[in-house]
Structures are given as C-alpha cells and as structure tokens.
Amino acid sequence: MTETPTETTQVMANGEITNPTIDKDSSHWNVRREPIPDIHLVYFQNRYIGYASYNPPKGFSAEELVEFEGAKECHFDLEQARAIIERRDMLGTLDVTGDARWAGLEDKMDLSHWTVRRDAIPDIHVVYFYNQNIGYASYNPPKGFSAEELVEFKGAKECRFDLEQARAVIEERDRLGTLDVTGDARWAGLEDKMV
C-alpha cells in the first residue's frame, strides 16, 4: 500500500518516508545541539517513530518545537525555532553537512558578514572564523573563499591575519581535513604552529 504524501510528509536522510505529526507528544521529542565545532546545529529526534534529522519536523509550530525535551538545556529559543523552520522551508532540507548546508544562501558569500579573530593567549597564533548570520563558527576557514577573500573579512587587519597566513590555514585545513580540534591534538603532526 502506497502512502499518500501530505504537506507534513518528510523524507529522512536514509530515504525513509515519515509523517512526524503521527506523534505530537512533546515529551517523545528531543532537540539537541551538536558538539563543538558544530554547536550552532540542532538535531531533532523521536525514538518512538524513528525520526532523527536536522530538519525540524513538519507540522510543528515554533512554539511546539521549544517545548521538546532538551530545548531549554541547549538554549533553543522561539527566535531560533522560527529561523530554523524558515531555513528548512527555504532550502528544502537541512540534512546535509559541511559547506553544502549553506548552499543557496546569499549571505554566505557576503564578505562583510564574515569575521576572523585570534584565540586568546596561549593560543594567540590560532585564528577562527565566524558568520553570525548563518551560524558558522570554526577554526576551519570556510570553503569557497580564496586566501585573498579571507584577508578581507572583518577583523583580519586588526588581528594581523595576512595573505601568507590565509594561504597556510587553507592548506592546513585541506591537508588535515579539519582544524576543529582542541588542545595538543590540534598540533599533532605539525612542525610549525603558524606563528
């Protein structure tokens, strides 16, 4: 028997089709933040119906989402709930990872919305990048930007982030896969700490 799709039918990342409105009991739903460096990402889950997704479940209002278990603990508020519903509706899905998550957002390439900063002492040699408008915060320079563009980010001149360092951090990210680790593990295998 083929189920007739409704406006609340969702296709999960694994291809399974579900209708999250079959369980509107907020105590069955969880919302959690991903660990650092992806703490800006929230994840929705209902083990009773097998729902697990970055997409907020269709058929639920922002007011209902903030009633899910864990919402208060992870500081998921009404404004964020409205924004994530809007983002899901605009992009179609949020169940993608990395830079693909932000594909299609005009803001992604607006250099004036990006900032680069140095970490505090003793890690002042480490830079991080963020864009508050899309929730990006990472030691990884965002993909899709050249070294020349990175040095145009807000704060680059103030923290003395120059073209040579921008090229080095892009090369390091590409070689290691990620720079989003902490402590001594960040420098494992590196001969130079990008002074």
Side-chain angles (χ1 to χ4, degrees), residues 1-110 112-115 117 119-120 128-140 142-144 154 178-183:
M1 181 170 133
T2 306
E3 188 179 324
T4 306
T6 68
E7 61 184 44
T8 58
T9 301
Q10 286 183 248
V11 179
M12 306 303 293
N14 64 5
E16 188 177 318
I17 298 173
T18 188
N19 183 341
T21 60
I22 63 174
D23 186 357
K24 295 281 273 186
D25 184 342
S26 65
S27 70
H28 292 176
W29 287 90
N30 289 295
V31 60
R32 299 280 184 260
R33 289 203 180 272
E34 289 286 11
I36 293 172
D38 294 319
I39 199 163
H40 58 282
L41 300 178
V42 292
Y43 191 76
F44 302 90
Q45 187 174 24
N46 181 322
R47 293 176 193 217
Y48 294 91
I49 63 171
Y51 188 95
S53 177
Y54 290 108
N55 289 311
K58 290 183 180 178
F60 287 81
S61 68
E63 291 77 10
E64 289 172 305
L65 294 181
V66 298
E67 294 301 317
F68 288 0
E69 296 287 326
K72 286 179 180 66
E73 293 80 6
C74 71
H75 306 287
F76 182 66
D77 62 23
L78 196 55
E79 183 180 336
Q80 292 171 355
R82 288 182 180 131
I84 201 167
I85 289 170
E86 183 179 329
R87 199 173 314 139
R88 177 206 60 209
D89 293 346
M90 180 180 68
L91 298 176
T93 185
L94 303 178
D95 275 338
V96 290
T97 58
D99 291 328
R101 172 123 198 264
W102 311 116
L105 293 178
E106 300 87 28
D107 183 64
K108 178 185 176 202
M109 299 310 280
D110 186 339
S112 70
H113 293 176
W114 286 93
T115 302
R117 294 274 187 256
D119 252 352
Y128 64 94
F129 305 87
Y130 69 92
N131 181 325
Q132 183 176 358
N133 295 6
I134 62 171
Y136 186 97
S138 177
Y139 291 112
N140 290 313
K143 292 186 178 177
K154 285 189 286 188
T178 185
L179 303 177
D180 280 329
V181 291
T182 57

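Predicted model, so just to flag it, every value in this text is computed and none were measured.
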Original post:
Do the non-hydrogen side-chain atoms of I84 and F76 ever get within less than 4.5 Å of each other?
Top reply: yes
Subject >> Point-to-point distance, once rounded to the nearest 0.5 Å, from CD1 of I49 to CG of D23 >> reply: 5.5 Å
Original post:
Do R33 side-chain atoms and C74 backbone N/O form a donor-acceptor pair below 3.5 Å?
Top reply: yes
**OP:** Indicate yes or no: at least one non-hydrogen side-chain atom of K58 is less than 4.5 angstrom from one of R88.
**Re:** yes
**OP:** Specify the closest pair of heavy atoms between L65 and P57, including all atoms of both residues, with the distance to one decimal.
**Re:** CD2-CD, 3.8 Å
Subject >> Y51 OH to N30 CG distance, which is reported to the nearest 0.5 Å >> reply: 13.0 Å
**OP:** Measure from the side-chain N and O atoms of E64 to the backbone N and O of S61, and report whether any donor-acceptor pair falls under 3.5 Å.
**Re:** yes
Original post:
What distance separates H28 NE2 from E69 CD, expressed to the nearest 0.5 Å?
Top reply: 9.5 Å
Subject >> Electrostatic pair R82-E63, nearest N-O below 4.0 angstrom >> reply: yes
Subject >> Atom pair OG (S53) and OH (Y43), whose distance is rounded to the nearest 0.5 Å >> reply: 7.0 Å
Original post:
With side chains defined as the heavy atoms from C-beta onward, is the minimum distance between K154 and R117 less than 4.5 Å?
Top reply: no
Original post:
Roughly how far, to the nearest 0.5 Å, is CD of E67 from NZ of K72?
Top reply: 5.0 Å
Original post:
Measuring from R87:CZ to Q80:CD, what's the distance to the nearest 0.5 Å?
Top reply: 9.5 Å
Subject >> Residues in ring pair (Phe, Tyr, Trp, His ring centres under 6.0 Å) contact with F68, at least two apart in sequence or another chain >> reply: W29, F60
